[in-house]
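Letters A, B, ... mirror the listed sequences (proteins, then strands); counts begin at 1.
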Amino acid sequence: MEPKIAEKAWDPKLENTILKKWEEEKLYDFQLSDNNYTIDTPPPYPSGRPWHIGAASHYAQIDMIARTARMSGKNVYFPIGIDRNGLPVELYTEKKHGIRMREIERGEFLELCKNALDDLEAEMIQIMKSLGLSGDFKNYYRTDSEDYRKFTQETFIDLWKKGVIYLATRPNNYDWVSGTTIADAEIVYEEIPTKLVYMKFITKETKKEIIIASTRPELLCACKTVIVNPNDERYSDLIGKELIVPLTNNEVKITPHHSAKIEFGSGAVMVCSYGDQNDVALFRELQLGEVIAIGLDGRMTEVAGEYQGLKPKQARTKIIEDLKNANLVEKIEDISHRTPLSERSKTPIEIVPMEEYYLKQKDSLEKMKKLGEEIEFYPNMHKQILMNWLESISIDWPISRRRFYGTEIPIWYCNECSEPFVPESGEYYRPWKDKCPTEKCEKCGNTEFTGEERTFDTWMDSSVSPLFVTKFNRDEEFFKKTYPTAIRPQAKDIVRTWLYYTLLRCEKLTGQKPWSEAWVMGYGLDEKGMKMSKSKGNAIDPIPVIEKSGADTFRFWSASEINQGYDFRCSEQKIESTRKFLSKLWNVSRFLSSFPVIKSGQLSESDKWILSELDKLISICKEGYSKYNFFIPSTAIREFTWNIFAAQYIEIAKARAYGIGFTDEERDGAIFTLHKVLSTILKLLAPITPFITEHLWQTLYSQDSIHKESLPDIENVEDMSEMTQLLSEFNSKVWNEKKQKELSLKDSIKIDVPETLNQFKKDLIAMHNLESN
RNA sequence: GGGCUCGUAGUCUAGCUCGGUUAUGACGUCGCCUUUACAUGGCGAAGAUCCGGUGUUCAAAUCACCGCGGGCCCA
């Protein structure tokens with residue numbers, strides 16, 4: 001009999017043909033029904049080349065979720081989007097073109113960002129498609145499209161009307177030379193020589209001298225407390241006492257805090273608004289009232305008294321002189337200090353409080369905890385990341401950014417009285433270039449307005465993804481049938497941002513949770529377990545890997561190598577070696593393809609045995625799939641297919657399948673069982689390796705796609721799994737003995753079939769050509 | 001620096017909830033074998049102080065405590 005499958009190996013190039021066929025047949029097109037399973041797919045961010053191989057692996061697994069749901073009878077809605085707002089593309093564009101965002105015209109800069117995004121996006125879409133993602137590519141969305149930004153603005157306007165947005169000042173990194181706030185990512189650190197001044201503070205009650213060392217004496221006027229380490233015995237009796245600040249004569253408390261280093265300076269540290277990031281954290285933590293000592297012009301403000309108008313460095317020189325003259329200096333040390341500089345101007349950044357918009361979140365924390373409790377997490381351990389975060393939130397969410405490539409905050413301000421004007425929703429507003437949509441200020445009647453220049457934090461856009469894909473406020477019926485969505489799959493490093501902000505925003509806008517389940521994946525590391533980065537040179541480009549090994553190999557690697565929710569290591573060699581299993585599956589199928597597919601036959605004991613093992617496999621796989629844990633089915637199927645089905649059963653049944661020395665009914669039992677097992681394996685494996693299973697399925701069993709099939713059900717056959725080990729031990733014994741005696745496997749040998757395997761005797765004698773006993 | 005989280009052969013992993021064989025299986029490595037649908041295969045071997053320490057116990061990979069290391073987030 002000629003095998004239907006002639007090729008000796010699975011050729012990953014076939015994947016392209018299969019992809020085209022799926023597309024032509026519109027196999028994964030979504031039609032709204034009453035049984036929708038909506039995936040809140042993460043829109044990936046195109047931040048540079050190459051795309052992270054760990055991310056490619058995430059998307060492969062998200063597709064397994066979609067396929068599992070589809071094969072469980074659900075009508076799967078699997079949207080595809082790209083997140084395109086935010087800082088990384090700005091930095092990428094600046095670097096690529098050697099330009100500075102604020103030094104060229106805003107519209108021109110936005111255009112350059114858009115082009116950069118288009119290139120990077122094309123690569124990601126290509127990877128997602130070639131991985132076999134069964135998503136809705138035709139309707140893929142971009143978070144920087146007019147449509148999406150309009151949507152983001154609408155949700156902002158809604159929340160503005162609900163009164164949960166307010167203005168407040170908060171400290172920002174400020175580069176006064178360029179006149180702009182800068183992001184943490186734009187700060188560089190340099191060791192710069194400076195003076196550490198040991199100043200004399202006086203205790204209020206006992207008039208005792210306390211020495212405090214600082215590199216920023218000009219901020220004495222903004223000093224609100226002095227901290228000492230709680231374990232520092234020198235100060236233990238002073239905790240809670242008042243100190244007199246030199247020159248200003250203000251009174252401040254001594255507070256215990258672990259961040260004070262006993263060995264640095266005198267061990268006592270003055271906390272001012274704001275000397276450095278640590279001061280910011282302390283002001284927040286200790287709830288101190290901030291003092292604005294440095295203005296937006298980079299000069300000392302009026303609170304600095306006679307130093308007003310000086311630059312901090314000048315003020316420092318002068319204040320050191322004045323302290324010396326007043327005999328308030330103990331000593332001065334020349335030290336080298338790790339100073340944060342603006343990457344652009346190379347001047348030290350100042351931390352300056354500025355007005356920003358905030359979204360209220362502190363009053364929703366209890367509600368968020370409750371929603372968190374209701375959402376099922378896979379794996380459950382990652383729910384803790386959310387819960388811990390909810391415990392530690394201490395300020396509301398600052399949502400405005402002084403950046404360009406983002407959704408514009410839709411506000412204009414009256415030039416006369418500064419009253420903000422927030423327009424009605426329904427348009428995409430760009431206040432930095434558009435005319436204010438109202439004629440007159442409601443408060444003072446003035447007709448001149450200035451548009452807001454700031455944009456939203458990028459999480460303002462992505463946190464409404466489940467609302468956007470379910471057409472909230474756009475299509476009532478669609479929304480009703482798809483929201484709350486079924487599942488949010490995402491990576492664990494953005495639980496505190498994307499997952500949390502989505503929960504917050506969706507609850508505020510709809511009163512409901514956005515999804516019933518959250519599936520949280522670990523992080524892809526290099527083969528040594530270190531984080532991959534372009535600068536370290538250990539980043540792996542997924543494109544050549546997928547081209548060489550094929551999407552199914554990549555997917556099977558991802559499924560069988562990654563334990564749910566844990567970080568995982570990526571190695572090209574390991575991915576490539578996974579291909580062996582697909583070869584095995586191919587060859588098993590090639591062998592079976594030489595036998596006709598038949599509906600029934602007379603089952604022997606060995607057939608019943610493998611069917612009972614198959615039943616076990618089905619329940620293990622379905623258990624794994626129900627938890628979206630693809631490690632379980634992939635490793636179980638590999639183990640079964642290779643070590644039980646191919647290594648034992650096929651060998652046992654082979655002689656009978658050929659019909660030599662058996663009746664036709666007995667022969668048909670073997671052929672029936674062989675195909676029954678293989679077709680079941682293919683269906684079980686289809687969510688993980690959709691290409692090879694599709695090809696084998698259509699070659700052997702059906703014109704129709706395997707992806708329209710359901711996952712197989714168990715048949716509750718009698719459990720014979722205790723025979724498995726006995727059979728494989730006996731077979732190994734015979735093979736070994738033949739090898740030792742240098743016999744061919746076909747040669748006959750005299751070995752008795754043990755009593756325990758009596759029921760398989762006929763198959764075993766035929767299999768090993770045993771001299772009958 | 002703080003919080004969280006994880007730690008079983010070179011790598012992935014089972015076992016840990018509820019303590020009790022010689023710690024499971026796979027990848028990789030090494031050796032042997034043209035022999036079956038498959039050398040993209042088969043058979044076999046080596047490889048683990050179960051991160052370290054202390055405690056509880058007749059008995060600890062498993063329970064408790066203290067460290068160390070990786071990762072993530074925040075600073």
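- The main-chain N or O of A:Val271 is never found under 3.5 Å from a side-chain atom of A:Lys224 such that the two would form a donor-acceptor pair.
- When the C1' atom is compared between B:U54 and B:A46, the two are found 34 Å apart, to the nearest whole Å.
- Taking 4.0 Å as the cut-off between side-chain N and carboxylate O, A:Arg401 and A:Asp457 count as a salt-bridged pair.
- Straight-line distance between the C1' atoms of B:C68 and B:C51: roughly 7 Å, to the nearest whole Å.
- Salt bridge A:Glu561/A:Arg569: absent, no basic N to carboxylate O contact under 4.0 Å.
- Summary of the strand contacts: A:Trp389 and A:Trp10 both lie near RNA chain B, and taking for each the nucleotide with the nearest heavy atom, the more 5' one is attributed to A:Trp10.
- The phosphate of B:A39 has neither OP1 nor OP2 within less than 4.0 Å of any side-chain N or O from A:Asn587.
- A salt bridge is defined here as a Lys NZ or Arg NE, NH1 or NH2 lying under 4.0 Å from an Asp or Glu carboxylate O, and A:Lys616 with A:Asp719 fails to meet this definition.
- Residues A:Lys627 and A:Glu623 are paired through a salt bridge, judged by an N-O separation under 4.0 Å between the basic side chain and the carboxylate.
- The pairing partner recorded for B:G31 is B:C43, the criterion being a Watson-Crick or G-U wobble arrangement whose two distances lie under 3.5 angstrom.
- Figure legend. B:G52 is base-paired to B:C66; pairs are counted as Watson-Crick or G-U wobble with both atom distances under 3.5 Å.
- Residue order along RNA chain B, read from the 5' end via each residue's closest nucleotide, puts A:His382 first among A:His382 and A:Lys654.
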Please enumerate all protein N or O atoms sitting under 3.5 Å from an N or O of nucleotides 26-34 of chain B, with distances to 0.1 Å.
{"unit_1": "B:C27", "atom_1": "O2'", "unit_2": "A:Ser577", "atom_2": "OG", "d": "3.1"}

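- Side-chain contact between A:Thr502 and A:Trp459: absent, with no pair of heavy atoms (C-beta onward) separated by less than 4.5 Å.
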